[in-house]
Visitor: 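Can you read through this structure? Questions will come right after.
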There are 8 protein chains.
Amino acid sequence: MSKPVVGIIMGSQSDLRIMKEAAEVLDELKVAYEVTVVSAHRTPLRMVEYATAARGRGIQVIVAGAGGAAHLPGMVASLTSLPVIGVPVKSSNSIDGWDSVLSILQMPAGVPVATVALDGARNAGILAAQIVGAADAALGQRIDAFKESLKVKVETTAKDMETKGWRSAL
Amino acid sequence: MSKPVVGIIMGSQSDLRIMKEAAEVLDELKVAYEVTVVSAHRTPLRMVEYATAARGRGIQVIVAGAGGAAHLPGMVASLTSLPVIGVPVKSSNSIDGWDSVLSILQMPAGVPVATVALDGARNAGILAAQIVGAADAALGQRIDAFKESLKVKVETTAKDMETKGWRSAL
Amino acid sequence: MSKPVVGIIMGSQSDLRIMKEAAEVLDELKVAYEVTVVSAHRTPLRMVEYATAARGRGIQVIVAGAGGAAHLPGMVASLTSLPVIGVPVKSSNSIDGWDSVLSILQMPAGVPVATVALDGARNAGILAAQIVGAADAALGQRIDAFKESLKVKVETTAKDMETKGWRSAL
Amino acid sequence: MSKPVVGIIMGSQSDLRIMKEAAEVLDELKVAYEVTVVSAHRTPLRMVEYATAARGRGIQVIVAGAGGAAHLPGMVASLTSLPVIGVPVKSSNSIDGWDSVLSILQMPAGVPVATVALDGARNAGILAAQIVGAADAALGQRIDAFKESLKVKVETTAKDMETKGWRSAL
Amino acid sequence: MSKPVVGIIMGSQSDLRIMKEAAEVLDELKVAYEVTVVSAHRTPLRMVEYATAARGRGIQVIVAGAGGAAHLPGMVASLTSLPVIGVPVKSSNSIDGWDSVLSILQMPAGVPVATVALDGARNAGILAAQIVGAADAALGQRIDAFKESLKVKVETTAKDMETKGWRSAL
Amino acid sequence: MSKPVVGIIMGSQSDLRIMKEAAEVLDELKVAYEVTVVSAHRTPLRMVEYATAARGRGIQVIVAGAGGAAHLPGMVASLTSLPVIGVPVKSSNSIDGWDSVLSILQMPAGVPVATVALDGARNAGILAAQIVGAADAALGQRIDAFKESLKVKVETTAKDMETKGWRSAL
Amino acid sequence: MSKPVVGIIMGSQSDLRIMKEAAEVLDELKVAYEVTVVSAHRTPLRMVEYATAARGRGIQVIVAGAGGAAHLPGMVASLTSLPVIGVPVKSSNSIDGWDSVLSILQMPAGVPVATVALDGARNAGILAAQIVGAADAALGQRIDAFKESLKVKVETTAKDMETKGWRSAL
Amino acid sequence: MSKPVVGIIMGSQSDLRIMKEAAEVLDELKVAYEVTVVSAHRTPLRMVEYATAARGRGIQVIVAGAGGAAHLPGMVASLTSLPVIGVPVKSSNSIDGWDSVLSILQMPAGVPVATVALDGARNAGILAAQIVGAADAALGQRIDAFKESLKVKVETTAKDMETKGWRSAL
């Protein structure tokens with residue numbers, strides 16, 4: 001596979017059940033990526049290294065997922081000028097996801113994090129592809145085809161429901 | 001000025017008091033942009049036209065701000081394959097900002113919106129520049145310089161507080 | 001069956017488990033309806049077509065259900081002058097339902113959505129019937145009979161509990 | 001003026017600062033209405049009388065506004081088969097409006113209330129007109145014209161901002 | 001059994017799984033009560049009758065439980081000068097219980113409801129006994145004994161944990 | 001004045017601006033009361049003394065108001081078998097009042113607190129009177145007259161609005 | 001084992017499933033502790049005794065866990081000058097944990113409680129060790145080793161994921 | 001003054017209006033401290049240096065205040081084995097303070113932050129003194145005297161209110 005342009009990191013291996021969806025959609029869109037674990041709180045120096053070296057290694061976007069007091073996306077954003085996408089993961093003792101959502105979203109002026117929905121790793125992958133695709137016409141076309149496929153799927157469902165009746169769709 | 005690469009839109013002219021910060025920071029970073037009003041609810045067809053034509057006109061990122069049941073960022077994202085940055089604006093009858101935050105953040109799988117903090121238009125502008133800057137080395141350097149200036153400002157403040165005492169900093 | 005006067009739409013087939021209750025109560029009240037899937041985010045142009053054509057096809061009320069950043073009810077309301085009833089559906093990654101409730105409820109001045117309770121599709125169907133029934137005396141009587149049946153059911157339950165004791169009602 | 005078809009009621013005179021917007025938009029749309037105070041908690045029997053007599057007096061829709069533990073809209077809905085629109089009013093000791101929103105929105109199956117945004121009395125008036133307009137072609141056209149005027153206003157603003165620059169619009 | 005002095009009512013038979021705890025603790029405390037179903041929304045006139053007649057029938061306190069947009073406790077309080085205790089029940093489509101809590105708690109000045117914890121029917125029963133016991137010395141002593149028994153149970157548990165070690169208490 | 005039967009206490013003198021409304025309505029209803037400051041956190045032993053001695057001094061109900069992590073009502077309830085009414089006060093650094101509401105409302109089984117609305121001291125006073133009035137026919141009649149006066153005030157307002165028009169009532 | 005320097009208390013034996021994690025981590029760090037049940041609401045005088053005697057018995061830090069209207073940590077803090085760590089426990093009828101979090105966190109000026117995450121007893125134990133370790137060099141080194149072990153575990157996981165691929169880590 | 005044992009840091013100079021209260025109470029308690037600005041997001045490497053060097057410089061406790069997505073306290077805690085006290089500051093675009101509270105409180109297992117109330121810097125100072133005072137008998141006595149003074153102030157207020165009447169205390 002070609003050199004990774006998207007870096008997918010997560011605070012804990014237990015976040016992989018969510019974060020794998022970013023990897024999967026990047027596979028579908030044929031965007032090269034790397035995946036690893038970087039914990040803001042247990043390996044802060046590893047985080048500094050990862051974030052400061054990413055651009056030099058050819059990474060164009062970082063996707064960072066974390067739960068609870070989720071500091072990883074914002075801290076990585078503070079350490080690089082690459083765009084950083086944050087995925088709020090709902091952890092086991094989460095207060096309904098509010099903790100990770102607000103810890104990632106409410107960054108102070110100067111250091112943005114592009115936040116997606118709670119557990120929204122699939123959307124993080126798509127957004128990463130859109131960012132990379134801004135300067136890559138072929139990728140742009142793959143994203144267009146991807147969006148078209150979503151549309152066709154809904155239209156097929158709708159047609160079925162209209163012709164066969166909603167009871168058949170339960 | 002050169003051809004706009006960032007499109008800044010907002011649901012109502014009253015959002016400009018917030019959204020102007022996106023324009024201002026893009027001015028600082030020397031990124032060309034355009035600004036207009038597009039209401040998802042009062043001009044839905046104008047929104048369709050704006051979103052579907054943006055890429056063809058050379059826009060690379062759209063920054064969309066809206067308050068309350070804030071549908072503009074998500075609807076624009078559904079109509080383009082460009083990355084869309086959403087700014088939740090706290091409107092006058094807002095329920096503490098939760099309405100615009102959740103209406104923008106919680107997009108379904110397939111259609112991401114890069115959400116920033118409540119009233120975080122300045123960060124939306126910086127994020128737009130980071131995305132454009134992925135393929136523009138000179139812009140990348142301006143962003144690095146911008147981040148450096150933030151750091152220097154804090155260090156100066158800190159030095160002052162340490163040497164003159166915290167009471168002098170009140 | 002006669003020509004539909006209520007249009008029931010939902011953002012995804014997965015919402016049908018909730019939205020079917022609107023259809024069922026309209027069956028009970030003998031109000032003709034149609035059901036289909038219209039996704040604001042995956043089929044935005046289909047949504048424009050559906051909403052702008054509805055009145056012309058004889059639809060008098062639209063019931064629209066969606067989850068997460070639920071834009072379907074509000075966007076449909078922006079595209080028609082028919083009354084639109086919104087059903088906030090609790091999606092799988094919902095933040096306790098707040099996202100769909102606020103995305104539907106907090107519409108800006110000018111474009112109302114008649115919002116019902118979280119997962120309240122049955123009430124949406126009843127409300128649609130009440131709206132249609134404003135100009136249909138026979139339907140009005142069927143709604144009165146429906147309300148009477150609710151009352152009788154409670155009274156029977158109460159009588160049982162009073163005469164047989166509350167332990168028998170567990 | 002012709003016989004009222006919309007009944008606007010509120011739990012307290014202090015709600016009039018919000019609820020007047022329903023009256024004003026009905027004036028704009030030339031829909032006849034009546035306005036009075038009916039308190040669920042201080043005049044419960046008056047509420048029973050108002051709600052049970054409304055249909056017989058020619059009322060087609062009831063708009064009810066209340067704050068705090070806002071029981072008026074739901075109780076009126078329990079006492080009539082007319083459609084009832086609820087306006088959550090943010091009272092002085094409100095917990096951010098959540099109390100009136102949830103007290104009105106979360107009605108049990110069988111008794112719907114068409115809830116609008118917090119302090120959204122203007123939208124309640126428009127929704128009432130839409131409901132009455134379902135069977136009144138001339139009113140339907142007035143609503144269409146009203147929506148058209150909202151669109152034109154946005155387009156004018158947008159044109160101005162585009163031609164004169166966003167700074168002139170601050 | 002003697003004539004009931006506490007009236008336990010609930011909006012729906014499905015609330016009995018919670019509300020039975022009020023009955024059970026009144027049995028423990030030997031306070032006579034009655035239990036029935038009174039729905040604010042499905043049997044509003046039955047509610048008026050129940051509330052206005054209660055004092056005359058010898059009832060001294062009313063315990064009312066309801067879920068969702070829980071209007072029963074507040075409406076009963078508006079119809080009687082007896083103290084009314086409200087139990088917020090968490091219903092199946094509840095927004096985390098906030099709806100019933102706020103619908104019962106946030107009563108306007110003039111019409112109090114003594115609200116207890118979410119699903120706190122046991123405490124509602126104890127509170128009812130405390131109110132009746134204000135003028136009943138024998139009951140007062142039974143409540144004191146009840147509180148003493150709670151204390152003894154904790155002390156026994158604590159003693160066990162201290163002597164046998166916490167692992168034995170898991 | 002006669003011997004106090006209601007004890008009004010508050011965690012801090014700054015709560016008096018709210019808690020005075022309990023005293024004022026008890027004055028209106030001619031119920032004798034006492035007022036003092038008892039801080040759960042700064043004078044815990046004074047709190048123990050106050051709560052354990054109250055019944056012996058003739059107090060029949062305690063009204064306790066506090067803000068933030070509001071422990072006073074619940075701790076007093078744990079120390080007496082008298083009914084305790086809790087008033088959640090919105091303190092200066094309150095998180096929208098949720099802190100005091102939940103700290104008072106969510107008592108564990110066995111130790112109820114009769115909670116009223118945020119800053120609802122007036123209702124606390126009325127509830128205290130209702131509890132005392134259970135065994136005092138003359139007081140019962142004063143409460144009935146009080147409720148009647150609330151009703152008359154609403155009816156007068158309503159009559160005015162109906163005859164003079166709503167604009168005159170603004 | 002040596003004399004306890006940390007006192008772990010909880011409001012109910014049912015909290016032990018959470019609170020045991022504080023004990024376990026103190027075992028790992030070789031810090032002597034004691035564990036018992038002290039209920040603020042059912043054994044208030046026992047609580048007074050425990051808190052006032054703790055310092056004299058050699059306890060240096062108290063870890064207190066409780067759920068719902070969680071008064072134990074704050075009340076103990078009011079009765080001792082020792083540092084008190086509060087663990088908000090999510091009880092069975094909790095409103096998503098907000099009740100215990102806010103009851104413990106929002107203490108008034110003068111009486112701090114060191115609050116940890118919802119159900120965060122393990123962190124409470126570590127924090128207790130850090131406080132004791134401030135004056136105990138050997139313990140300080142054990143805590144450093146503990147933190148190092150957390151780091152190594154993450155690094156091993158990361159290395160595995162990088163070399164074997166993320167799919168192998170699911 | 002003697003060598004600082006408490007380090008007070010904040011994310012921005014604008015937090016000083018809150019954080020100064022920590023300094024002031026440490027002055028009252030005669031505990032030596034230092035104050036400076038350390039921004040997690042704008043000066044991440046400065047933060048690493050500050051946190052890793054603190055223990056070596058004789059600091060025994062760190063008090064860290066920050067608003068919004070408040071990462072400073074948790075990141076500092078990840079970089080030192082000293083106890084860290086976090087002060088959630090309510091920033092200008094805060095979502096009611098929830099963002100800073102949850103970003104600081106909800107730390108993952110292994111890295112505790114001792115969180116105090118929103119804007120609770122005064123309590124953070126007291127808590128720092130309590131921690132230092134664990135091994136400093138003279139400081140312990142000053143804290144006891146401080147708590148005594150809080151008690152006396154309440155008792156004086158209470159006495160006044162009881163003897164002069166509550167109206168004189170308004």
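Each chain gets a letter, A, B and so on, in the order its sequence line appears, and its residues count up from 1. Because the structure is a prediction, the values reported are computed rather than measured.
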Visitor: Heavy-atom pairs under 4.5 Å with chain D: which of E:Val111, E:Val113, E:Thr52 has the most?
Guide: E:Val111
Visitor: Between D:Gly110, D:Ala40, D:Ala77, which residue shows the highest count of heavy-atom pairs closer than 4.5 Å to chain E?
Guide: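 Of D:Gly110, D:Ala40, D:Ala77, D:Ala40 has the most heavy-atom pairs under 4.5 Å with chain E.
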Visitor: Going from NE2 on E:His71 to OG on D:Ser103, what distance comes out if it is rounded to the nearest 0.5 angstrom?
Guide: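 Reported to 0.5 Å precision, the distance equals 5.5 Å.
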Visitor: Can you tell me which of E:Ile95, E:Val48, E:Thr43 forms the most heavy-atom pairs within a distance under 4.5 Å of chain D?
Guide: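 Max contact count across the listed options: E:Ile95.
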Visitor: What part of E:Ser94 lies closer than 4.5 angstrom to a heavy atom of chain D: side chain, backbone, both or neither?
Guide: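 The backbone, not the side chain.
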Visitor: I'd like to check E:Pro44 versus D:Met75 (side-chain heavy atoms, cut-off strictly below 4.5 Å). Are they in contact?
Guide: yes
Visitor: Let me know if E:Ala70 has heavy atoms under 4.5 Å from chain D in its side chain, its backbone, both or neither.
Guide: backbone
Visitor: Return the CG to NE2 distance between E:Leu79 and D:His41, rounded to the nearest 0.5 Å.
Guide: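 That separation rounds to 9.5 Å.
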Visitor: Can you tell if the side chain of D:Leu102 reaches within under 4.5 Å of the side chain of E:Val101, non-hydrogen atoms only?
Guide: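 No, their side chains stay 4.5 Å or more apart.
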Visitor: How far does OG of D:Ser100 sit from CD of E:Gln106, to the nearest 0.5 angstrom?
Guide: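 Interatomic distance, D:Ser100 OG to E:Gln106 CD, rounded to 0.5 Å: 9.5 Å.
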Visitor: Give the interface residues of residues 149-170 of chain D toward chain E, defined by a heavy-atom separation under 4.5 Å.
Guide: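 So no residue qualifies.
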Visitor: For chain E, find which of D:Ala69, D:Gly68, D:Ser91 contributes the most heavy-atom pairs closer than 4.5 angstrom.
Guide: D:Ala69
